[in-house]
Amino acid sequence: MGPHPAVAAIRLAVRRVLHDILNNHNRTATDLPYERPPSPLVLVACSGGADSMALASALAFEAPKLGIRAGGVTVDHGLQPGSDLRAEEVVLRLRGLGLDPVESTAVTVGREGGPEAAARDARYAALDAAAQRHGAAAILLGHTRDDQAETVLLGLARGSGTRSLSGMAAVSGADGRYRRPFLELDRQTARRACMVQSLPVWDDPHNADPAYTRSRLRHEGLPALEKALGKGVVEALARTAQLSRDDADALDAWASQAEASVRDATGLLECAKLYALPPAVRRRILRRAAIEAGAPAGSLFARHIEEVDRLITGWRGQGVINLPGRVVAQRQGGRLVIRQG
């Protein structure tokens, strides 16, 4: 008799991703005579919650069959009393699954962008550092289809355009470091997989705290939408994410190609040439220019780019536009200058 359907589902999702990681690793590894490339190391980012514990269990099961080394890292955000003890507990659970190396890393969460964004920034910085420290080929993240649906709704509420609606990518980060095997699985499948494998899970109180936007969306917003529109809302939102991602990728590629043609010999953006581009392409070029000048991508919203865009499409002699990261944009003699203020 085979494994429980939930366990089979999480293992299959992880196996597919590991095959891809292994193929990439073998393609890029130096092909020395008489030597096989070293086994890649894949880390799982684990909070101790159901999604990431299910992911850790599937990685521990599948990696050895492919000759892949499997480890884990848990990030202690220090936001709750006893969080260090909780992190040590997660380390023990991961070691109990047979993962090695396993570590806990403590971070200091700042305030920029609100508590959720600050915690996320600190977490990813810590995961990047862990990947470099251990020479990991990839880090697996336990985001599910439900998380994807929430991300799409949050993007919709921010009014930040197609890229915001495209949610989380299955592959992201430097050199495709981050992988999300569970984006097509629902949260219930991961929880069931933990239950039938008798894996202890920890429910983060922040996930039920109404002070956090995502928590309110999870416990109030999505259930209300499902009640009004039916049970297929989560799947539809996840499908919207994929379609939006395809559209956003195409527009990004167009903007990359168009960017060189709108710069003058000194590298400044020419307003007349920008004006001739479709708005979706032009705004992407403006956003990229602002980020290159030092504006933090996470703090740069649609309203900022719209203000800069009006320097091109609605020129009335406006003054300097202030952007996040002390970046300024201004129009000077038919050229758009975006720089540190």
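Considering only heavy atoms from C-beta on, Gln132 comes within 4.5 Å of Arg177 through its side chain. Between Arg123 and Leu141 there is no side-chain heavy-atom pair separated by less than 4.5 Å. Looking at Leu268 and Leu336, their side chains never come closer than 4.5 Å, going by heavy atoms from C-beta outward. Between Thr313 and Arg282 there is a side-chain heavy-atom pair separated by less than 4.5 Å. Val90 places none of its side-chain heavy atoms less than 4.5 Å from the side chain of Ser104. Residues His19 and Arg16 fail the side-chain proximity criterion, which asks for heavy atoms closer than 4.5 Å. Two residues are said to be in side-chain contact when any heavy atoms from C-beta on lie closer than 4.5 Å; Leu59 and Leu140 meet this criterion. For the pair Val73 and Val102, the minimum side-chain heavy-atom distance is 4.5 Å or more.
When the side chains of ILVMFWY residues are joined at heavy-atom separations under 4.5 Å, either directly or via intervening members, Val171 and Leu55 end up in two distinct hydrophobic clusters. Val152 is connected to Leu229 through a chain of hydrophobic side-chain contacts under 4.5 Å among Ile, Leu, Val, Met, Phe, Trp and Tyr, so both are in one cluster. Both Ile68 and Leu94 belong to a single network of hydrophobic side chains, linked directly or stepwise wherever heavy atoms of I, L, V, M, F, W or Y lie under 4.5 Å apart. Under the 4.5 Å side-chain contact rule for hydrophobic residues, Leu274 and Leu300 share a cluster. In the hydrophobic clustering of this structure, Phe61 does not group with Met195; members are Ile, Leu, Val, Met, Phe, Trp, Tyr whose side-chain heavy atoms approach within less than 4.5 Å, directly or through other members.
Residue Ile139 comes nearest to Ala131 through the heavy atom pair CD1-CB, 3.8 Å, listed as atom of the first residue, atom of the second, then distance. Of all heavy-atom pairs between Met53 and Cys46, the closest is SD-SG, 3.6 Å. The two atoms that bring Cys271 and Ile312 nearest to each other are O-CG2, 3.6 Å, heavy atoms only. Closest approach of Leu99 to Ala56, counting heavy atoms only: CD1-CB, 4.3 Å. The nearest pair of heavy atoms linking Arg93 to Gly48 is NH1-O, 4.1 Å. Contact record, Pro40 with Gly67: CD-O, 4.5 Å, taken as the closest heavy-atom pair.
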Derivation and outcome, salt bridge (Lys or Arg N to Asp or Glu O under 4.0 Å), residues Arg133 and Glu103
CA-CA 11 Å; Arg133 205 162 42 245; Glu103 68 172 46; 2.3 Å; yes

Between Thr151 and Arg214, does the side chain to side chain contact (heavy atoms under 4.5 Å, CB included) criterion hold? Intermediate values first, please.
CA-CA 8 Å; Thr151 304; Arg214 189 178 282 268; 3.1 Å; yes

Could you walk me through whether Asp246 and Gln242 pass the side chain to side chain donor-acceptor pair (under 3.5 Å) test, one step at a time?
CA-CA 6 Å; Asp246 292 344; Gln242 188 52 58; 3.1 Å; yes

Let's go through Asp51 and Arg180 carefully: what are the C-alpha distance in whole Å and the side-chain angles of both, what is the deciding distance for salt bridge (Lys or Arg N to Asp or Glu O under 4.0 Å) to 0.1 Å, and is it a yes or a no?
CA-CA 11 Å; Asp51 304 340; Arg180 296 177 174 87; over 6 Å; no

Between Leu18 and Asp20, is a side chain to side chain contact (heavy atoms under 4.5 Å, CB included) present by the stated rule, with each step listed?
CA-CA 5 Å; Leu18 292 182; Asp20 188 48; over 6 Å; no

Test salt bridge (Lys or Arg N to Asp or Glu O under 4.0 Å) on Arg303 and Glu307 and set out the steps.
CA-CA 6 Å; Arg303 58 186 167 81; Glu307 264 194 278; 5.7 Å; no

Passes side chain to side chain contact (heavy atoms under 4.5 Å, CB included), Thr144 versus Asp186? Steps please.
CA-CA 6 Å; Thr144 63; Asp186 61 25; 5.9 Å; no

Check the pair Arg163, Ser166 against side chain to side chain contact (heavy atoms under 4.5 Å, CB included), reporting the backbone distance first and the verdict last.
CA-CA 5 Å; Arg163 182 55 74 190; Ser166 62; 3.6 Å; yes

Would Arg86 and Asp76 count as a salt bridge (Lys or Arg N to Asp or Glu O under 4.0 Å) here? Give the steps.
CA-CA 8 Å; Arg86 173 69 56 195; Asp76 172 14; over 6 Å; no

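In this structure, Thr105 OG1 and His77 NE2 are separated by 10.0 Å, a value rounded to the nearest 0.5 Å. Note that CG of Leu311 and CG of Leu269 are 11.5 Å apart. Values are rounded to the nearest 0.5 Å. A distance of 10.0 Å separates CZ of Arg245 from CG of Asp252, quoted to the nearest 0.5 Å. A distance of 5.0 Å separates CG in Asp147 from CE in Met168, rounded to the nearest 0.5 Å. A distance of 12.5 Å separates OG1 of Thr213 from CG of Leu153, quoted to the nearest 0.5 Å.
For Tyr124, the ring-ring contact (aromatic ring centres under 6.0 Å, His included) partners two or more places apart in sequence, or in a different chain, are Tyr178. Remark: His304 pairs with Phe301 by the ring-ring contact (aromatic ring centres under 6.0 Å, His included) rule, at least two apart or across chains.
Residue Arg145 is tested with Glu150, Glu235, Glu184 for a salt bridge (charged side-chain N to carboxylate O under 4.0 Å, His left out); the sole match is Glu235. The side-chain contact (heavy atoms from CB on, under 4.5 Å) test with Ile305 singles out one residue from Leu323, Leu286, Ile321, and that residue is Leu286.
Counting only N and O atoms by type, the side chains of Ser256 and Arg288 include a donor and acceptor under 3.5 Å apart. Counting only N and O atoms by type, the side chains of Thr162 and Asp247 include no donor and acceptor under 3.5 Å apart. Checked by atom type, the side-chain pair Arg11/Ser57 shows no donor-acceptor distance below 3.5 Å. Side-chain atoms of Arg339 and Gln330 include a donor-acceptor pair closer than 3.5 Å.
Not one N or O on the side chain of Gln148 forms a donor-acceptor pair closer than 3.5 Å with the backbone of Ala241. Judged by distance alone, the side chain of His4 and the main-chain N or O of Ala6 form a donor-acceptor pair under 3.5 Å. Between the side chain of Arg287 and the main chain of Ala302, no donor-acceptor pair closer than 3.5 Å is present. Side chain of His25 to main chain of Pro38: a donor-acceptor pair is present (N/O by atom type, distance under 3.5 Å, no hydrogens or angles). For Arg331 (side chain) and Gln318 (main-chain N/O), no donor-acceptor pair under 3.5 Å exists by modelled atom type. For Arg263 (side chain) and Glu259 (main-chain N/O), no donor-acceptor pair under 3.5 Å exists by modelled atom type. A donor-acceptor contact shorter than 3.5 Å links the side chain of Ser261 to the backbone of Ala258. Side-chain atoms of Arg69 come within 3.5 Å of backbone N or O of Ser39 as a donor-acceptor pair. Asp146 places a side-chain N or O within 3.5 Å of a backbone atom of Arg187 that can act as its donor or acceptor partner. For the pair Gln197 (side chain) and Ala193 (backbone), a donor-acceptor distance under 3.5 Å is present.
By the 4.0 Å N-to-carboxylate-O rule, Asp264 lies close enough to Arg335 to be salt-bridged with it.
Within a 6.0 Å radius of NZ in Lys65, other residues, nucleotides and ligands contribute more than 12 heavy atoms.
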